[in-house]
**Q** 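Quick one: this structure, given as C-alpha cells, is what I'll be asking you about.
In what follows, chains are A, B, ... by sequence order, proteins preceding strands, each numbered from 1. Worth saying up front: this structure is predicted, and the values here are computed from it rather than measured.
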Amino acid sequence: MPPLSPDNILSPLNSQQRLAVQQIEGPLLILAGPGSGKTRVITHRIAHMIHQGIPSQSIVALTFTNKAADEMRNRLQNLSPDNRTWTGTFHRFCSRLLRQHAELVGLQQNFTIYDSGDSKKVMKQAIENAKVDLKHYSADKLASQVSNVKNNGITTEHFKPRPGHALDTIIGKVYPEYQKLLKIANGVDFDDLLLHAVDLLKIAPELRETLDRGFAYMMVDEYQDTNLTQYQLIRMLNHSLKNLAVTGDPDQSIYGWRGANINNILEFEKDYPGVNLVRLEQNYRSTPTILRVADQLIANNVRRKKKQLHTDNPEGAPVRLVTFPSPRDESLDIADTIQLGIESGKHRAKDYAVLYRANWLSRSVEHALRSAGLPYQIINGHEFYQRKEIKDVLGYLHLLNNPRDNVAFERVVNTPPRKIGKVTLGRLRRWAQDNNSSMLDAARNCDQINTISKAPTSKLTQFVAMFDRLSFMSTDQVEPVIRAILDETDFRNWLTLDGSEEGYERAGNVDELVVACEEFDRDRPTEGGLEAYLEQAALVSDTDIWESQSDRVTLMTLHAAKGLEFPNVYIVGLEDGILPHERSSTDDDQIEEERRLLFVGITRAEKHLQISRCVNRFRRGSFWPAIASRFLMELPREEMQIFEPAGTNYDEEGVADSISQIDPWMHDGLPSIDINEETDLSGIDTNVAPAPQPQQNSPQNSLSGISLKIQTGAQLAEKQAAMPSQIRLHPDRFETGMKVQHAEYGVGNIVQLTGEGQKRTATIHFASLGNKRFRLAFTNLSILE
DNA sequence: ATTCGCAAAGTTTTT
DNA sequence: CTTTGCGAAT
C-alpha cells in the first residue's frame with residue numbers, strides 16, 4: 001500500500017490530468033475521451049483533496065453503475081486508506097436519502113423498489129383503473145412514456161398535457177393513477193428514486209441546505225448520461241457551494257433513450273459560470289489505427305464537442321472489416337480466431353470480447369464458443385433475478401419487509417397454488433381500494449368481504465396466518481427468513497412436483513438464491529439485513545456481475561461495455577436495422593446516438609478490432625437478407641483490412657453497391673495496388689486473405705481457416721425469384737417519370753433509375769413515404785401509366 | 001381454479 | 001424462433 005503522499009498522487013499523471021486533479025474549488029468540467037485515464041483522475045483528485053486537508057466524508061462521488069462505483073472505491077482505498085468518502089450510484093444515493101426522510105414525501109422507510117417488470121404490473125392496473133383503452137398505445141408505450149416524463153423531472157402535479165396531444169391526454173390520466181397505486185403499496189420505481197429525492201429537497205429547504213454544505217465537494221461521473229431529474233438533484237446539492245466536478249464525454253452519451261440529456265454536458269459551462277475546463281485527450285488504451293477509425297466515425301456527428309484524440313501507443317494491426325454470409329460463419333470465425341489466439345499462447349480467453357447491439361445477437365456467438373469449448377461469460381439482462389421462481393421467493397421477502405407491497409402480495413398469494421384465483425383476487429383488490437387498505441389487510445379481513453365465498457376465505461386466512469408466523473422472525477439475517485419461507489410453502493417440492501428437468505433446474509436456482517443470501521449475511525453480519533438485501537437485489541445491474549479476473553471470453557451489449565477495455569474486440573452485426581437499430585433510425589439525434597454506440601464499442605479495443613456484418617441474418621424464424629450498416633461507409637476504409645466475399649452486393653438499398661465502387665476488391669476480385677500500398681499488411685497471413693471469385697457458387701473464401709459459403713447475387717436472385725410467385729416486368733421496361741404500383745407501398749413515381757441488369761435500381765417517390773429504392777429484379781411493380 | 005393449447009406478437013439498449 | 005397472452009376445456 002503506497003503511503004499517501006503528494007508524489008504518489010500527482011506524479012503518475014500527465015499535465016492535463018494534473019490540472020484536473022489540482023483544481024479543487026469551484027465548478028470543473030473534465031472532458032475525458034475514451035481511455036484517457038478518467039477514473040484515475042477522479043480517484044487521484046479525491047485523494048489529493050483529502051491530502052489537502054478536506055474531510056473525506058464531505059466528498060461524494062456519484063456514478064451510474066455499481067461496477068464503476070466499486071472500481072472507484074477500490075482505487076481510492078489504495079491511494080487513501082481509511083477515507084470516508086461516499087461513492088455509489090445515483091439510485092443508491094437517492095434511496096439512502098429517501099429511507100432517512102421517507103415520511104416527507106409520503107413514503108414509509110421500508111418502501112419497496114420495483115423493477116421494471118413489477119412496475120409494469122402496477123402500470124397495467126393503473127391503465128385499468130383509469131379506464132384507458134389500449135387501442136392506440138400499448139401498456140409498454142405508456143409505461144415508457146410515463147418514465148420519460150419522470151426522467152424529465154415532471155411530477156404528477158406539474159404534468160400538463162399539451163392540448164391536442166392524444167398521448168399526453170392519456171398520460172394525464174394514467175400517470176397520477178400509477179403514482180397513486182405505487183404510494184398505496186409503499187413502493188417506488190427506479191425513476192421515483194430520483195424524482196422523489198428531488199421532491200424531498202424541494203419540500204425541505206433546510207435539509208437541502210444541510211446536504212449542500214455537508215457534501216461540500218461533489219463529483220459526477222459520466223455526466224453526459226444524466227437526465228433532467230439527476231441534473232436537478234446535482235444542482236440542488238451544489239447551490240450554496242458549487243464545488244462540483246463532472247467528468248464525461250458527449251461522444252459516449254448512449255442513454256438518450258432513457259432520458260439522458262446530452263445538453264447537460266454540452267451546456268455545463270452555461271449552467272455554472274466560471275467553470276474550469278480540462279480536456280483529457282491523450283489515450284492510453286488503443287492503437288492509433290483504432291483511434292483513427294473511431295475518430296473518423298464520430299466526426300459525422302454534429303452534436304458534440306470536438307476533441308483531438310491522440311496516443312503514443314505503437315501503430316499495431318489494422319482494423320478488420322469483414323462481411324460474412326451468415327451469423328453462423330461470423331460466430332465460427334470468431335470462435336476459431338480466439339481459439340488460435342489462445343493456443344498460440346499470445347492471449348488468454350479474458351483478452352477477448354464480443355460486442356453487439358442487442359442481446360439476442362449473442363446466440364450464435366454463444367453457440368460457436370460452446371462448440372469450440374471456449375469459456376465465456378455472457379452479460380445478459382437481470383437474468384437471474386428475472387427468473388420466475390426467484391421473483392416468487394423474493395416476493396415473500398418483499399411482502400415481509402413491506403406488508404403494503406401489493407405487487408408482492410399478488411405474486412405470492414397463490415404461489416404455490418392455494419386455490420385462490422383471479423376472481424377472488426379481483427374482489428379483494430376492489431375491497432382494498434374501497435377501504436384504503438393494502439391487499440394483505442384486505443385478506444386479513446376477508447371474512448368481512450361478503451363477495452368472497454367460504455372456500456377462498458379460509459384459504460386466505462390460512463395464507464395470512466402463515467405470513468404472520470413468518471413475520472415474527474427477525475429480519476437481521478436474510479438466510480433464516482428465506483429458509484423459513486421455503487419450509488412454510490414447501491416451495492422446492494412444488495417446483496419438482498412434476499419431476500421435470502426444468503423443475504429441478506428451478507429448484508437449483510432457488511438454492512443458489514439461498515447461497516447468495518448466506519453470503520450477504522456473512523458480508524454484513526450486523527446491519528438490518530433483509531431491507532438492505534432487497535435494496536441491493538433491486539439495484540444490481542447486469543454489468544455488475546461481470547468479472548474482470550475470470551479467464552473467460554466476454555459477451556455483452558455495446559451499452560454494457562462502456563467503461564471496459566479489452567485487448568481484442570469483435571463487434572458483430574453491423575447491419576441496417578441492428579446498428580443503427582430500426583427503432584432508432586427515424587431522426588438524426590437517434591442516429592447520432594447509435595453512432596456513438598459504435599464509437600464506444602470501437603474504443604473498447606486496445607490492440608485488435610474486428611467489425612463484421614452478415615449478408616443474411618436469422619430473424620423472426622427465418623433468414624433475411626441484411627443490408628450493410630450505413631456506419632460502415634463512414635469508416636476510413638482505405639486504412640482498414642477488408643474481407644468481403646464476392647457477391648455481397650445485393651442489398652436493396654444499394655449500400656453494398658457503393659461499397660463495390662469504393663472497394664477495388666469488388667471490381668475484379670483482385671486487391672488493387674493502392675490498397676496494398678496504403679494498408680499495413682504485416683501480420684496478415686496471406687493464406688487467409690480471401691480471393692473473391694465473382695459469380696462462383698462454391699465455398700472459396702477462408703478466414704482464419706474457416707470456409708465461407710459464398711452466396712452470390714445470382715443465388716440470391718434465384719432465392720428471391722422463388723419466393724411468392726409474382727410476375728416481374730423486365731427491368732428495362734421502366735423509365736423515369738413512370739407511375740407505378742408497388743404491392744406494399746402503393747402508387748408512386750419513378751424519379752431515378754441507376755445500375756444495369758440485376759443491379760438496376762429505381763428510386764420511387766411515394767406521396768406518403770417519400771423516396772424508396774428498389775432493385776427492379778427483385779421487386780414486383782406494375783406500370784400504371 | 002388450473003391447466004393446456006393455440007395464436008399472435010416481437011425481439012434495443014438499463015438503474 | 002421464442003415468449004407472452006388469452007380462451008377453452010377439465
Side-chain angles (χ1 to χ4, degrees), chain A residues 62-69 88-95 113-120 124 134 138-141 144 147 150-151 188-195 197 222 225-227 229-230 253-260 327 355-364 379-383 385-386 388 413-426 453 455-456 459 497-498 535-545 556-562 573 577-585 590 593-594 596-598 600-601 617-624:
Chain A
L62 296 177
T63 64
F64 276 82
T65 64
N66 296 302
K67 185 182 69 189
T89 65
F90 272 100
H91 288 85
R92 240 184 238 285
F93 180 85
C94 292
S95 174
I113 301 169
Y114 286 132
D115 68 16
S116 41
D118 292 335
S119 24
K120 214 163 96 185
K124 284 191 174 158
L134 294 170
S138 67
D140 277 343
K141 174 74 189 163
S144 78
S147 175
K150 294 166 89 166
N151 283 326
V188 301
D189 64 17
F190 289 133
D191 304 321
D192 280 336
L193 285 172
L194 307 169
L195 195 56
E222 308 280 17
D225 287 333
T226 51
N227 61 35
T229 313
Q230 285 157 332
S253 164
I254 52 176
Y255 286 105
W257 52 275
R258 208 170 83 186
L355 310 179
Y356 33 81
R357 174 63 234 262
N359 279 307
W360 61 273
L361 290 160
S362 70
R363 284 191 193 188
S364 60
I379 309 303
N380 200 359
H382 300 263
E383 226 177 30
Y385 285 106
Q386 211 81 316
K388 185 183 180 302
V413 69
N414 199 35
T415 316
R418 299 188 178 90
K419 300 199 182 296
I420 299 167
K422 55 178 183 227
V423 178
T424 307
L425 277 176
S453 49
K459 298 293 176 194
L497 211 60
D498 61 353
E535 168 153 331
Q536 77 112 43
L539 295 179
V540 285
S541 73
D542 54 351
T543 48
D544 300 332
I545 293 153
M556 54 167 61
T557 63
L558 289 161
H559 282 90
K562 193 165 75 159
I578 293 178
L579 186 64
H581 194 272
E582 57 192 345
R583 283 162 71 165
S584 294
S585 41
Q590 288 184 324
E593 179 154 319
E594 297 285 310
R596 277 181 241 127
L597 201 46
L598 180 56
V600 166
R617 177 70 61 181
F618 198 73
R619 260 182 134 168
R620 276 201 270 263
S622 54
F623 276 97
W624 299 87

**Q** Counting only side-chain nitrogens and oxygens, does Thr65(A) get under 4.0 Å of the OP1 or OP2 atom of dT14(B)?
**A** no
**Q** Rounded to whole Å, how long is the line connecting atom CZ of Phe190(A) with atom C1' of dT13(B)?
**A** 15 Å
**Q** Measure CZ/Phe90(A) against P/dT14(B) and give the value in whole Å, please.
**A** 18 Å
**Q** Which residues pass the ring-ring contact (aromatic ring centres under 6.0 Å, His included) test with Phe93(A), not counting sequence neighbours?
**A** Trp86(A), Phe215(A)
**Q** Would you please name every residue forming a ring-ring contact (aromatic ring centres under 6.0 Å, His included) with Phe90(A), sequence neighbours left out?
**A** Phe64(A)
**Q** Return the set of residues passing ring-ring contact (aromatic ring centres under 6.0 Å, His included) with Tyr255(A) (not counting sequence neighbours), or none when no residue passes.
**A** Trp257(A), His559(A)
**Q** Please say which of Phe623(A), Trp624(A), Trp360(A) ends up in a ring pair (Phe, Tyr, Trp, His ring centres under 6.0 Å) with Phe618(A).
**A** Phe623(A)
**Q** How many Å lie between CZ on Arg619(A) and C1' on dG10(B), as a whole number?
**A** 11 Å
**Q** Does Thr557(A) have a side-chain nitrogen or oxygen under 4.0 Å from the phosphate oxygens OP1 or OP2 of dT14(B)?
**A** yes
**Q** Select base, sugar-phosphate, or nothing to describe what Arg418(A) touches, counting heavy atoms under 4.0 Å on all strands.
**A** sugar-phosphate
**Q** Find the distance Trp360(A):CH2 to dT13(B):P and express it as a whole number of Å.
**A** 10 Å
**Q** Can you name the residues that form a salt bridge (Lys or Arg N to Asp or Glu O under 4.0 Å) with Glu594(A), not counting sequence neighbours?
**A** Arg357(A)
**Q** Taking only N and O in the side chain of Asn227(A), is any of them less than 4.0 Å away from OP1 or OP2 of dT15(B)?
**A** no
**Q** Mind checking Asn414(A) for me? I need base, sugar-phosphate or nothing, with any heavy atom below 4.0 Å counting as a touch.
**A** sugar-phosphate
**Q** List for me each residue that meets side-chain hydrogen bond (donor to acceptor under 3.5 Å, both in side chains) alongside Lys388(A), sequence neighbours excluded, and say none if there are none.
**A** Asp392(A)
**Q** Think Asn359(A) has a side-chain N or O under 4.0 angstrom from the OP1 or OP2 of dT13(B)?
**A** yes
**Q** Report yes if the ring of Trp257(A) lies under 5.5 Å from the six-membered base ring of dT13(B) with planes under 30°, and no otherwise.
**A** yes
**Q** Give one of base, sugar-phosphate or nothing for Ser622(A), where a contact means two heavy atoms less than 4.0 Å apart.
**A** nothing
**Q** Is it the case that the side chains of Ser95(A) and Glu535(A) hold a donor-acceptor pair, with the cut-off being a distance below 3.5 Å and no angle test?
**A** yes
**Q** How long is the line joining CG of Asp189(A) and P of dT15(B), in whole Å?
**A** 15 Å
**Q** In whole Å, I'd like the distance from the CD1 atom of Ile254(A) to the P atom of dT14(B).
**A** 9 Å
**Q** Looking at dA1(B), dT14(B), dC1(C), which one has an atom nearest to any side-chain atom of Phe618(A)?
**A** dC1(C)
**Q** Can you identify which nucleotide, out of dT2(B), dT14(B), dA1(B), has its nearest atom closest to the Pro417(A) side chain?
**A** dT2(B)
**Q** How would nucleotides 2-10 of chain C be written as a contact map, 5' to 3', with B for base contact, S for sugar-phosphate-only contact and - for no contact, using protein heavy atoms under 4.0 Å?
**A** S--S-----
**Q** Please tell me which of Lys419(A) and Leu597(A) maps to the more 5' nucleotide of DNA chain B, matching each residue to the nucleotide holding its nearest heavy atom.
**A** Lys419(A)
**Q** In whole Å, I'd like the distance from the OH atom of Tyr255(A) to the P atom of dT14(B).
**A** 6 Å
**Q** Arg92(A) near the nucleic acid: base, sugar-phosphate alone, or nothing, with a heavy-atom cut-off under 4.0 Å?
**A** nothing
**Q** Ile379(A) has an atom CD1; how far is it from atom P of dT15(B), in whole Å?
**A** 11 Å
**Q** If only atom types and distance count, is the side chain of Asp191(A) paired as donor or acceptor with the main-chain N or O of Asn151(A) below 3.5 Å?
**A** no
